[in-house]
Amino acid sequence: MWRALTIFLLLYGSFASCAFGQQSNPRLDAIKKYILEKDYPEVFGTQNYKTRIEGVIDVDVENDGSKEVVILYFPHYRQSAPIVIYRIDSDMKVTRVPEGLAPGPLQKLSGDYLDSHTLGQAVDMEVPSGKTTPETVMQIMIKNGMNGFVIYDSFYHVDHRTGSPSIIDMRGVKLPTKTHDCESFEFSRVKQIAVGPLREDASKNYLTAWVGDEIYVYLIRGVSNMGMFDKQLWVIKAPQGFKGFEKGQGLTYKTEKETAVLTLK
């Protein structure tokens, strides 16, 4: 009982200090309940770490007419996505979109993250190109109790985390070594997320992530039956003197000299 109460208080504090503010929000309450009771992040065995939430945005990021909740985590494990999207229906039923996002280049190990391999609950494996699809591989692995997947061009990381499937699609991202495993690298740290229309396109919402001196811009058009995004990605240099996005103002950002709305041009 005390363990459950401690986890609740840690999670509540994380949410209360982020984008929703201090007032009660039924959608936020529904997500808290879902995480606590059904899908606590990054659980291997019985170990629950304090959830570290660095940003929350309640917005229509899938451009389907319904709002989703986008959460920026500071993960504990280096095979976990920092950006996760939750859906909430009219009855306040919550589901997590299986695919999460890990924008940015792969980085040398910093020592800031745990590794699921050291727990004996993960494996990196090669799958012959052209022989099968990621969806087929994941379906087979899920039947064998594996729920965590990171897809690279030349191999898959799969792990035995609890909860519903978690997918990260890193195809097209350059590997820092020639070995087909994730032993020597980790994902980039995301400084900030924001969602809103671009200066040149007010008709759609774009999800952006500030990583290093670059901004990763995603247009999400939908989600497959397996839970993978139909998405398009642009990577642009952050404007000179970039100070970050203005809270609650979409893709409006500040620099040392001006306030403007993000553009791909």
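The ring of Phe44 has its center closer than 6.0 angstrom to the ring center of Tyr77.
Under the 3.5 Å distance criterion, with hydrogens and angles disregarded, no donor-acceptor pair is assigned to the side chains of Glu42 and His76. A donor-acceptor contact closer than 3.5 angstrom links the side chains of Glu186 and Ser110. Side-chain contact check for Thr252 and Glu246: no donor-acceptor pair (N or O, by modelled atom type) lies under 3.5 Å. For the residue pair Gln79 and Ser116, a side-chain donor N or O sits within less than 3.5 Å of a side-chain acceptor on the partner. A donor atom on one side chain and an acceptor atom on the other are not found under 3.5 Å apart for His117 and Asp181.
Residues Val217 and Leu233 fail the side-chain proximity criterion, which asks for heavy atoms closer than 4.5 Å. Residues Pro98 and Met228 form no side-chain contact, since every pair of their non-hydrogen atoms from C-beta on lies 4.5 Å or further apart.
Think of Ile168 as one node in a network of Ile, Leu, Val, Met, Phe, Trp and Tyr side chains linked at under 4.5 Å; its network also takes in Leu106, Val150, Tyr152, Phe155, Met170, Val173, Leu175, Phe185, Phe187. Counting Ile, Leu, Val, Met, Phe, Trp and Tyr side chains that sit under 4.5 Å apart, directly or through other members, Tyr113 shares a hydrophobic cluster with Phe74.
A salt bridge is defined here as a Lys NZ or Arg NE, NH1 or NH2 lying under 4.0 Å from an Asp or Glu carboxylate O, and Glu62 with Arg221 fails to meet this definition. Salt bridge status for Lys93 with Asp91: absent, with no side-chain N to carboxylate O gap under 4.0 Å. Here Arg78 pairs with Asp115 in a salt bridge; the nearest charged N to carboxylate O distance falls below 4.0 Å.
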Report, one line per pair, each donor and acceptor closer than 3.5 Å where one atom sits in a side chain of residues 257-265; sequence neighbours left out.
{"residue": "Thr263", "atom": "OG1", "partner": "Glu200", "partner atom": "OE1", "Å": "2.7"}
{"residue": "Thr263", "atom": "OG1", "partner": "Glu200", "partner atom": "OE2", "Å": "3.4"}
{"residue": "Thr263", "atom": "OG1", "partner": "Lys265", "partner atom": "N", "Å": "3.1"}

Show every donor-acceptor pair shorter than 3.5 Å between a side-chain atom in residues 202-209 and any protein atom, with sequence neighbours excluded, or say none if there are none.
{"residue": "Ser203", "atom": "OG", "partner": "Asp201", "partner atom": "OD1", "Å": "2.5"}
{"residue": "Lys204", "atom": "NZ", "partner": "Asp201", "partner atom": "OD2", "Å": "2.9"}
{"residue": "Asn205", "atom": "ND2", "partner": "Asp60", "partner atom": "O", "Å": "3.0"}
{"residue": "Tyr206", "atom": "OH", "partner": "Asp201", "partner atom": "OD2", "Å": "2.5"}
{"residue": "Thr208", "atom": "OG1", "partner": "Ala194", "partner atom": "O", "Å": "3.0"}

Verdict with supporting geometry, Tyr34 and Thr95, side chain to side chain donor-acceptor pair (under 3.5 Å) = CA-CA 8 Å; Tyr34 170 80; Thr95 55; over 6 Å; no
Would you check, one step at a time, whether the test salt bridge (charged side-chain N to carboxylate O under 4.0 Å, His left out) holds for Arg96 with Asp39?
-> CA-CA 8 Å; Arg96 174 173 53 79; Asp39 198 15; 2.7 Å; yes
Taking it one step at a time, do Arg189 and Glu54 satisfy salt bridge (charged side-chain N to carboxylate O under 4.0 Å, His left out)?
-> CA-CA 11 Å; Arg189 181 76 186 274; Glu54 300 192 322; 2.6 Å; yes
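The 12-atom threshold is not exceeded at NZ of Lys254, counting heavy atoms of other residues, nucleotides or ligands nearer than 6.0 Å.
For Lys191 (side chain) and Gly212 (main-chain N/O), a donor-acceptor pair under 3.5 Å exists by modelled atom type.
By the ring pair (Phe, Tyr, Trp, His ring centres under 6.0 Å) test, His160 pairs with no residue at all, sequence neighbours left out. Every residue two or more places apart in sequence or in another chain that forms a ring pair (Phe, Tyr, Trp, His ring centres under 6.0 Å) with Phe242 is listed here: Trp210, Phe245, Tyr253.
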